[in-house]
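For clarity, every value in this text was computed on a predicted model and none was experimentally measured. Just so we're on the same page: letters track the sequence lines, and every chain starts at 1.
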Number of protein chains: 2
Amino acid sequence: MNGESPFLVHPCGPPGTDLPPVLSWVDEEGGALRLLDQTLLPGRLELRTCRTVEQVWEAIRSLRVRGAPAIGVAAAYGLCVATRDDRGRARDEFLEAARRAGEYLLTARPTAVNLAWAVQRVLARAADVRGAADGIWSAMLEEARAIAREDAETCRRIGEAGAELIPDGGGVLTHCNAGRLATTGIGTALALLYVAHERGRRFQVYVDETRPLLQGARLTALELSAAGIDVTVVCDGAAAALMKSGQVHVVVVGADRVAANGDVANKIGTYSLAVCAHHHNIPFCVAAPLSTFDPAVAAGEAIPIERRGEEELRWLADRRVIADGARCYNPAFDVTPGRLISAIVTEKGLVKPVTARNIARFLG
Amino acid sequence: MNGESPFLVHPCGPPGTDLPPVLSWVDEEGGALRLLDQTLLPGRLELRTCRTVEQVWEAIRSLRVRGAPAIGVAAAYGLCVATRDDRGRARDEFLEAARRAGEYLLTARPTAVNLAWAVQRVLARAADVRGAADGIWSAMLEEARAIAREDAETCRRIGEAGAELIPDGGGVLTHCNAGRLATTGIGTALALLYVAHERGRRFQVYVDETRPLLQGARLTALELSAAGIDVTVVCDGAAAALMKSGQVHVVVVGADRVAANGDVANKIGTYSLAVCAHHHNIPFCVAAPLSTFDPAVAAGEAIPIERRGEEELRWLADRRVIADGARCYNPAFDVTPGRLISAIVTEKGLVKPVTARNIARFLG
C-alpha cells in the first residue's frame, strides 16, 4: 500500500503540528500536482508529486487524496497535468486530449459527484476560450485554482452556517473524515466544529474509527486533536451505545453525493448512524457544498455505490484475518434517506426540512 | 500478543479442516487445561496448556478463550488447575484455597455471568463433599467436566429450538462469534445455523467483522466456512445498509448476560444491530443458555460493562493509527433492551415475547 515515496518530508509531529496542504499545484517542470499521501497518516507526513494523469488517477483511486471536495480539486488539477505536454498541439487536438483525460479521471471513483462536477467545469471553461492550446491550458489551470480557492471559501461558509448546531458543553458524533483533509479548506462537517470552537464553544467529539480504512481514527482524530479539539475514537459498533448513554447531542457527517430528493450517499456506516440517531431523537446533520448535489439523480437508489476490493477487509497489515472459504462484501458508501436527515448545511445556509422542494430552491 | 507458544500444532488448513477442541482437560502431570489460542486464528492453530491459575486467568482476560459459555467452562477447570497442588492439605485449607481461586478468576472478565455461575457451581459441589481434600478435588473436576458436557448438550438443544427461525433461501446476519469457538458444543447463535444446515436449509450468512478484535472476521467466518455454510464478512458499519437492501431476514446473536427483564449484554455493536433491525422490521433473536441469565440483575443498566484497553484501537498490528492527542473509548459490550428482542432461544425453548414474566417462568 505504501508504494514509492518520492518526497519523504518528516515523521508526523505532536498535536499542534501544522499539516501541509492536502494538495497544491507545482509550477516547476511543466506543472504537477503535489498531494499529501493520506494513506500514510497519521504516522508519516509524505508529499507525493503527480506528473502524469495516471498518477493522479491512482492517487484518487487508492485514497491518497480523498473526500468529495478534495477529489474534485484533484481532478481539476489532474486535467492540467494530463494536458501539460499538449500545449503545442492544434486547438481541436488539445480539447480532445482534455476530454479524454476527463473521461479517464471519472473512472477513478464513481460515487462522489464532485469529481464529475469539477471535470465538467474545467472542460466547459476550456471550450469557452478562443485561440490556441497554450491559452486554453492556462485558462484551465486558472479554473482549477478557482475551484480550489472557492472550495476553501465554501468550507468557511458551511462552518459559519452550521456552527450553531453544535451545542456548548455537548457531545458531537462524526464518521469518517469530512475535515481539512477532505477539502482545501476547513472541511465540511468538521467546519462546523472548527467555527464553533473559534466562537468559544466547548464540546466533546466522538469519531467512529470508520472501517475498513480507518479515516476517522487516522485522519479526523489527527486534525481535530491538532486543532486543540477534544476528540475520542470509538469503534463503529459503539456509536449506538454512546447515543443511548446520552453522550451524543448531534451527529454531523459529510456527503459524497446528494440526490434531488435529499437522499445522501456517504461513507459506509453513515446510514446506521442515521437510523440510530432517529431512534434516540438525536439531530442528524449533513454538511455538503452545493457542488455535491446532483439534481440529475432523483433519489438515492440511482447513486452508483463504489464496491471496493475485499483485500481491505481480508488483510490486517500483513496478517490474513479471514479464512479462505469465506467471502467479503465491501461497499464504500451507503445511502441515507432524506427523511432521516434533520438538515443539510450548505454554503448558502441550511436545507431544512430536507425535501426535494427545498433542495430545488437552493440549487435554483 | 502472541507470547510463548508451547504447542505449535500446524498452520490453519483449508475450509473443512476440523478445528481442535476449544478447551480440554489434560490428566498428565497433575492436571492442566489445554486450550486453542483464539487470538492467533485463523492464521495459526496453536494449543496452549495452562498449568497455573494465573495462566488460566490470563487466557480468559486476553481472549485466548472467549465466549460466555466457554469462559464458564474454562473457569470451572481453572479451579481444578488452581488447587491441584493443594490436595494434600486439610479440608478447610483446601476449600479456602478453592474459594480464593474462584474470587481471582472472577476478576478476569466482568460482563459474562457464566464465569461466576460456573465458579459458584464448582465451589458448591466442593462444599457438599464430605471427607478429605483429594476427594473434594476429584468431585470438582467431575463437576467441571459435567459443565463442559452439559454445555455441549445445551448448544444442541438451543440449535434445535431455534433452527426454524432461519428461513430457507434467506439471509442471516450475526455479530462477533457465538459458535463452536465460544462453547464446548456447536455454539449458541450459530447452533441455529448448524442445525438448520443439517436439516437441509440453504441460507446466506453475513457476519460483521466485529471491531476491535475481529471475532466475526477471524472466528465466525472460519468455523462457518469450514462447515460448508456460505458466509460473507462485512464491516460493522455495513450491516444497516445490508438490512435496507433486503438481504437480511433475521439477525441472530449470542449473549454474555441476560437481565431479569430481558435486557441483554453482548459484544459491542449488538445494540446498533438491534436498533437497525427494529427500524427495518427484521426479527432480532438472541440465543443463550439459561446459565447466561442473571435474575439477580433487574435490568441492563446494572450489568457491569467491561472497558478494555485503548491499545486495541490505537494500534493496527505494529502501526499506530490514532494520533497521540486523541483519546479512545473501548467498551467491550453494550446492552440491548428486551423490547427490541423478538425472542431469546434457550435450551428449554423460546422466550417470546421477551418479558420479565416469561423469563421468570423459564428460570422457575
- Item | Check: L313(A) and E209(B) side chains under 4.5 Å, non-hydrogen atoms | yes
- R327(A) vs Q204(B) side-chain heavy atoms within contact, under 4.5 Å: yes
- Top contributor to chain A contacts, counting heavy-atom pairs under 4.5 Å, from V335(B), V321(B), V231(B), T336(B): V321(B)
- Contact part of R320(B) toward chain A, heavy-atom cut-off under 4.5 Å: side chain, backbone, both or neither? backbone
- Task: Just give me the residue among D236(B), T210(B), T270(B), I268(B) that pairs up with chain A most often, heavy atom to heavy atom, under 4.5 Å.
- Result: I268(B)
- What's the spacing between L40(B) CG and R319(A) CZ if we round to 0.5 Å? 6.5 Å
- Task: With a 4.5 angstrom heavy-atom cut-off, could you sort out which part of H280(A) is near chain B: side chain, backbone, both or neither?
- Result: side chain
- Output the distance between atom CG (L214(B)) and atom CG (L316(A)), rounded to the nearest 0.5 Å. 6.0 Å
- Task: Look at C235(A), A274(A), A221(A) and state which one has the largest set of heavy-atom pairs under 4.5 Å with chain B.
- Result: C235(A)
- Do the non-hydrogen side-chain atoms of L340(A) and H279(B) ever get within less than 4.5 Å of each other? yes
- Task: Drop me the distance from Y206(B)'s OH to C328(A)'s SG, to the nearest 0.5 angstrom.
- Result: 12.5 Å
- Note on the structure: CD1 (I322(A)) and CG (L219(B)) are apart, to the nearest 0.5 Å, by 11.5 Å
- Message: Please identify, among P331(A), A241(A), G228(A), A317(A), the residue contributing the most non-hydrogen atom pairs under 4.5 Å to chain B.
- Response: A241(A)
- Message: For L242(B), which atoms come within 4.5 Å of any heavy atom of chain A: side chain, backbone, both, or neither?
- Response: side chain
- Task: Can you see which heavy atom on S272(A) is nearest to which on G237(B), and at what distance?
- Result: CB-O, 4.3 Å
- Salt bridge flag under 4.0 Å for residues K244(B) and D334(A): no
- Message: Counting heavy-atom pairs closer than 4.5 Å to chain A, which one of D230(B), V207(B), L224(B) comes out on top?
- Response: D230(B)
- Reported CG-to-OG1 distance for the pair N330(B) and T232(A), which is rounded to 0.5 angstrom: 12.0 Å
- Query: Is the number of heavy atoms from other residues, nucleotides or ligands under 6.0 Å of H278(B) NE2 greater than 12?
  - Reply: no
